[in-house]
Amino acid sequence: MTETRPPDRLPAPDAEPVVRMTGVVRVHGEGTGAVHALRGVSLDVPAGELVAVMGPSGSGKSTLLNLAGGLDRPTEGSVVLEGRELRDLSQRRLAELRRRSAGYVFQDLNLIPSLTVAENVALPRELDGVRTAKARAEATAVLEEVGLADLGDRFPDDLSGGQRQRAAIARALVGRRRLLLADEPTGALDTRGGDEIIQVLRQRADAGAAVLLVTHEPRYAAWADRVVFLKDGQVADSSAAGMETAR
Ligand SMILES: Nc1ncnc2c1ncn2[C@@H]1O[C@H](COP(=O)(O)OP(=O)(O)OP(=O)(O)O)[C@@H](O)[C@H]1O
């Protein structure tokens with residue numbers, strides 16, 4: 001009898017990670033006012049993996065996300081995104097790579113108030129050069145994914161905080177970017193809404209995205225494949241999600 005196996009979902013272990021950070025140091029400011037936000041962090045996030053980043057306030061979580069997505073450059077060390085060393089890229093090339101490869105959900109949602117929700121979500125695709133009709137169709141699909149199918153024609157100011165949060169998440173998801181960076185994406189959501197969003201991120205990872213999720217909540221970190229704990233700008237612990245230690 002022939003044994004049937006499901007096709008392998010994850011890439012081979014030696015496949016290049018979507019993002020590879022090696023010995024990353026980030027110092028803000030200079031001299032006596034210098035703040036060492038990261039002190040030598042190394043982290044690989046392969047396709048298909050959801051990594052939760054936890055740690056106390058000020059431990060460097062947002063800085064780590066910004067560096068992984070090329071929104072900021074390291075003081076020392078290397079960040080390679082989809083095979084490209086970010087240090088070697090001009091500002092223009094870096095902006096292109098960032099836009100093509102990464103989707104971000106910030107604590108500050110950054111929705112444009114004069115555009116409708118659907119227009120906000122379609123915008124990254126239009127910037128990618130996708131035709132308006134196609135970009136709008138993609139936006140509609142992703143709004144459905146986050147439970148906002150009926151609200152695409154509203155303006156951000158006409159939504160609740162939780163709905164605005166979902167709209168920002170939809171904008172990060174549109175276009176199937178290979179790296180998703182989410183900094184406390186569940187902040188304005190109740191538990192059920194938060195669970196739904198984490199499940200969307202989980203599905204995207206299962207479909208092949210690399211996902212970095214900053215969260216203070218063990219219940220959300222439990223959806224991750226791996227939890228990285230930062231303390232004082234260093235990786236204090238990195239463990240498979242099981243979550244007894246998630247504090
Ligand atoms: N632009 C900046 N200029 C100066 N210091 C900064 C800057 N950005 C971050 N820092 C400092 O770097 C350290 C790490 O900040 P970061 O925002 O990465 O921490 P965090 O773990 O995300 O915190 P939180 O959970 O409160 O969001 C903090 O001491 C912070 O004050």
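Please read these numbers as outputs of a predicted model, since none were measured by experiment. Worth knowing before you read on, the calculation uses all heavy atoms, side chains too, and leaves out hydrogens, waters and symmetry mates. Whatever order the structure lists ligands and atoms in, that order sets their numbers, starting from 1.
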Subject >> Audit row: Asp183, Ser62, side chain to side chain donor-acceptor pair (under 3.5 Å) steps and yes/no >> reply: CA-CA 7 Å; Asp183 199 344; Ser62 299; 2.7 Å; yes
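- The distance from ligand 1 to the heavy atoms of Ser57 drops below 4.0 Å at these ligand atoms: 23 (O), 24 (P), 25 (O), 26 (O).
- Here the shortest heavy-atom distance to atom 11 (C) of ligand 1, taken over Val53, Val27, Val35, belongs to Val35.
- Between the Arg125 side chain and the Val130 main chain, no donor and acceptor come within less than 3.5 Å of each other.
- Salt-bridge formation is not detected for the pair Arg84/Glu82: no Lys NZ or Arg NE/NH1/NH2 atom is positioned less than 4.0 Å from an Asp or Glu carboxylate oxygen.
- Checked by distance only, ligand 1 and Gly58 come closer than 3.5 Å through their nitrogen or oxygen atoms.
- The atoms of ligand 1 that sit less than 4.0 Å from any heavy atom of Pro56 are 21 (O).
- The two residues Arg136 and Ala122 come nearest to each other via the heavy atoms CD-CB, 3.9 Å.
- Heavy atoms from both the backbone and the side chain of Lys61 come within less than 4.0 Å of ligand 1.
- Between Leu86 and Arg93, every side-chain heavy-atom pair lies at or beyond the 4.5 Å cut-off.
- Annotation: salt bridge (Lys or Arg N to Asp or Glu O under 4.0 Å) contacts of Arg192 (sequence neighbours excluded): Glu196.
- Not a single heavy atom of Gly55 lies less than 4.0 angstrom from ligand 1.
- Residue His216 touches ligand 1 through its side chain alone, judged by heavy-atom distances below 4.0 Å.
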